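All remarks here apply to the structure that follows.
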Amino acid sequence: MAHEQAPLQAVIDACAPLKFAPLPDVRTTSVQASREHPATEHWYRTDLMVAEGAVGPLFNQLTAQHGPDHKLPGATHFMRSLLREPIFLVSAGIYLTGRAALLDKRHLWFPWLPNSAFGTPTITSARMAVLPDDPAARHHDAVIVPDEAALNRIAARHLVQAFSPIIDALHEHTRVGLRTLWGWVLDTQHFYMLNPARFLGRDAEAAWRRAGELGDALIEAGAVTRARPRLFPFYETHPRGTWAVRGTCCFDYKGDPEHGFCTTCPLKCDDDRRAELQEWIRNPALAP
């Protein structure tokens, strides 16, 4: 059994060719994939960070030091600093390997840096949901599920259980609505299947359908949102001519009015969005 590759390792390897692959650090008995961390960091475990009432003070310190000076974009920036990598691990992992990381609030850690910012999140459990015919099904990190629907459900349930304490505490502290906060999670989860598909030249619509199936499971597990994101074809003859529009605004424009609406913002005019995306295709250096 020792010679068998851990199922999580295949996700890390599959993400290696991607230009954009924000993975968390991993420190487990079967997988070690972590950056060097300075000794001055203070580590927060998800459940204890919430139980100790640290979310509000950390939000205040982060926004005071780095902005934005508005609670709406401040809340989404705070979630991005904590949850981006775990969402990518689950979403891209399912899309690229058919395996789902099972997040756990007792095994999801956040390093707090001396400059009042979070470092890369770290997971300390390598448990993965896999299908019965997966080559890693016999590995001790594998949790076998009967089909893709069951894999979606268990992945979504673990994600919601891991994120709910943070999101609930952030909602209580900032009064930003739960639909806005969970909407950001749902949107990000969709984009993190579409991103790899576009970069690898795969079928964007198929990736979006797969993302929608996981999104359905997240809503069933307790994530709430007003609107779902939508696919946005903008250049029919180009292999990367499909992008998407978020269902929930991140409100960055409130923190930086000169920046205006993001390219993926649901408040942005589709004609302006199409022109901007087509310009990115003509001149990739303009793309963020």
Side-chain angles (χ1 to χ4, degrees), residues 18 20-24 68 70-95 100-101 103 121 152 155-156 159-160 162-164 166-168 170-171 174 176-199 204-234 242-256 259-270 272-274 276-277 287-288:
L18 301 177
F20 176 76
L23 289 169
H70 191 292
K71 282 190 176 180
L72 280 168
T76 54
H77 279 232
F78 186 80
M79 289 206 303
R80 186 181 297 119
S81 67
L82 292 175
L83 306 182
R84 181 183 71 162
E85 286 85 355
I87 295 173
F88 188 88
L89 176 67
V90 175
S91 196
I94 289 175
Y95 175 69
L103 300 179
N152 289 337
L159 187 150
V160 169
F163 290 179
S164 285
I166 292 173
I167 289 177
D168 289 346
L170 186 61
H171 162 67
T174 64
V176 174
L178 287 173
R179 294 182 185 276
T180 295
L181 301 178
W182 278 111
W184 180 86
V185 173
L186 265 291
D187 290 346
T188 304
Q189 167 260 309
H190 279 71
F191 274 76
Y192 285 172
M193 286 198 192
L194 182 61
N195 279 1
R198 292 183 74 253
F199 183 80
E205 292 187 0
W208 196 254
R209 286 194 298 270
R210 189 69 187 84
E213 292 168 1
L214 179 59
D216 291 341
L218 284 169
I219 290 173
E220 183 180 346
V224 292
T225 185
R226 289 190 179 87
R228 297 286 287 272
R230 59 185 172 92
L231 207 60
F232 187 75
F234 64 91
T242 302
W243 200 225
V245 180
R246 289 180 172 272
T248 303
C249 181
C250 70
F251 299 105
D252 271 0
Y253 74 92
K254 288 185 176 291
D256 183 8
H259 174 267
F261 298 139
C262 302
T263 304
T264 60
C265 182
L267 303 180
K268 191 180 187 76
C269 168
D270 276 352
D272 293 343
R273 186 191 332 275
R274 182 174 293 103
E276 187 172 323
L277 289 167

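Here the structure is a predicted model, which means the values were calculated and not measured.
Listed here is the closest heavy atom pair of T180 and F251: CG2-CE1, 3.7 Å. Closest approach of K71 and V176 over heavy atoms only: O-CG2, 3.8 Å. Closest heavy-atom contact between L18 and A21: CB-CB, 4.1 Å. Scanning all heavy atoms of the two residues, the minimum distance from L103 to P86 falls at CD1-CB, 3.9 Å. Shown here for A75 and L170, the closest heavy-atom pair between the two residues is O-CD2, 3.7 Å. In terms of heavy atoms, A227 sits closest to T248 at O-OG1, 4.3 Å.
Contact annotation: the side chain of D168 approaches that of L178 to within less than 4.5 Å [non-hydrogen atoms, C-beta and beyond]. No side-chain heavy atom of D272 sits under 4.5 Å from any side-chain heavy atom of F261. Contact check for N152 versus R210: side-chain heavy atoms found under the 4.5 Å cut-off. In this structure the side chain of F191 reaches within 4.5 angstrom of the side chain of W243, judged on heavy atoms.
Shown here are the ring-ring contact (aromatic ring centres under 6.0 Å, His included) partners of F163, two or more places apart in sequence or in another chain: there are none. Partners of A197 by side chain to side chain contact (heavy atoms under 4.5 Å, CB included), not counting sequence neighbours, listed by chain and number: Y95, R202, A207. Partners of E205 by salt bridge (Lys or Arg N to Asp or Glu O under 4.0 Å), not counting sequence neighbours: none found. Residues that satisfy the ring-ring contact (aromatic ring centres under 6.0 Å, His included) test with F232, not counting sequence neighbours, are absent from this structure. Take P266 and apply the side chain to side chain contact (heavy atoms under 4.5 Å, CB included) test, not counting sequence neighbours, and it matches V245, R246, C249. Here R273 pairs with D270 under the salt bridge (Lys or Arg N to Asp or Glu O under 4.0 Å) rule; sequence neighbours left out. Not counting sequence neighbours, the partners of D252 by the side chain to side chain donor-acceptor pair (under 3.5 Å) test are H77. With sequence neighbours excluded, the residues forming a side chain to side chain contact (heavy atoms under 4.5 Å, CB included) with A206 are D203, R209, listed by chain and number. Take K268 and apply the salt bridge (Lys or Arg N to Asp or Glu O under 4.0 Å) test, not counting sequence neighbours, and it matches E276. Residues passing the salt bridge (Lys or Arg N to Asp or Glu O under 4.0 Å) test with R274, sequence neighbours excluded: D271. Not counting sequence neighbours, the partners of P229 by the side chain to side chain contact (heavy atoms under 4.5 Å, CB included) test are D187, H190, W208.
W182 pairs in a side-chain contact (heavy atoms from CB on, under 4.5 Å) with only one of the listed residues (T225, I167, I219), which is I167.
In this structure, the separation between CG on L218 and CD on Q189 is 5.0 Å, given to the nearest 0.5 Å. Of the inter-residue distances, the one linking Y253 atom OH with L267 atom CG reads 5.5 Å to the nearest 0.5 angstrom. To the nearest 0.5 Å, atoms OG1 (T188) and CE (M79) are separated by 7.5 Å. Taking CG from L83 and CD1 from I166, the interatomic distance works out to 5.0 Å, rounded to the nearest 0.5 Å.
Using modelled atom types, one side-chain atom of T76 and one backbone atom of C250 make a donor-acceptor pair closer than 3.5 Å. Using modelled atom types, no side-chain atom of S91 and backbone atom of I87 make a donor-acceptor pair closer than 3.5 Å.
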Exercise for review: Please report the C-alpha distance between V185 and V160 in whole Å, then the side-chain angles of each, then the deciding distance to 0.1 Å, and finally whether the side chain to side chain contact (heavy atoms under 4.5 Å, CB included) criterion is met.
Suggested key: CA-CA 10 Å; V185 173; V160 169; over 6 Å; no
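Applying the salt bridge (charged side-chain N to carboxylate O under 4.0 Å, His left out) rule to pairs touching residues 214-226 yields D216-R228, sequence neighbours excluded.
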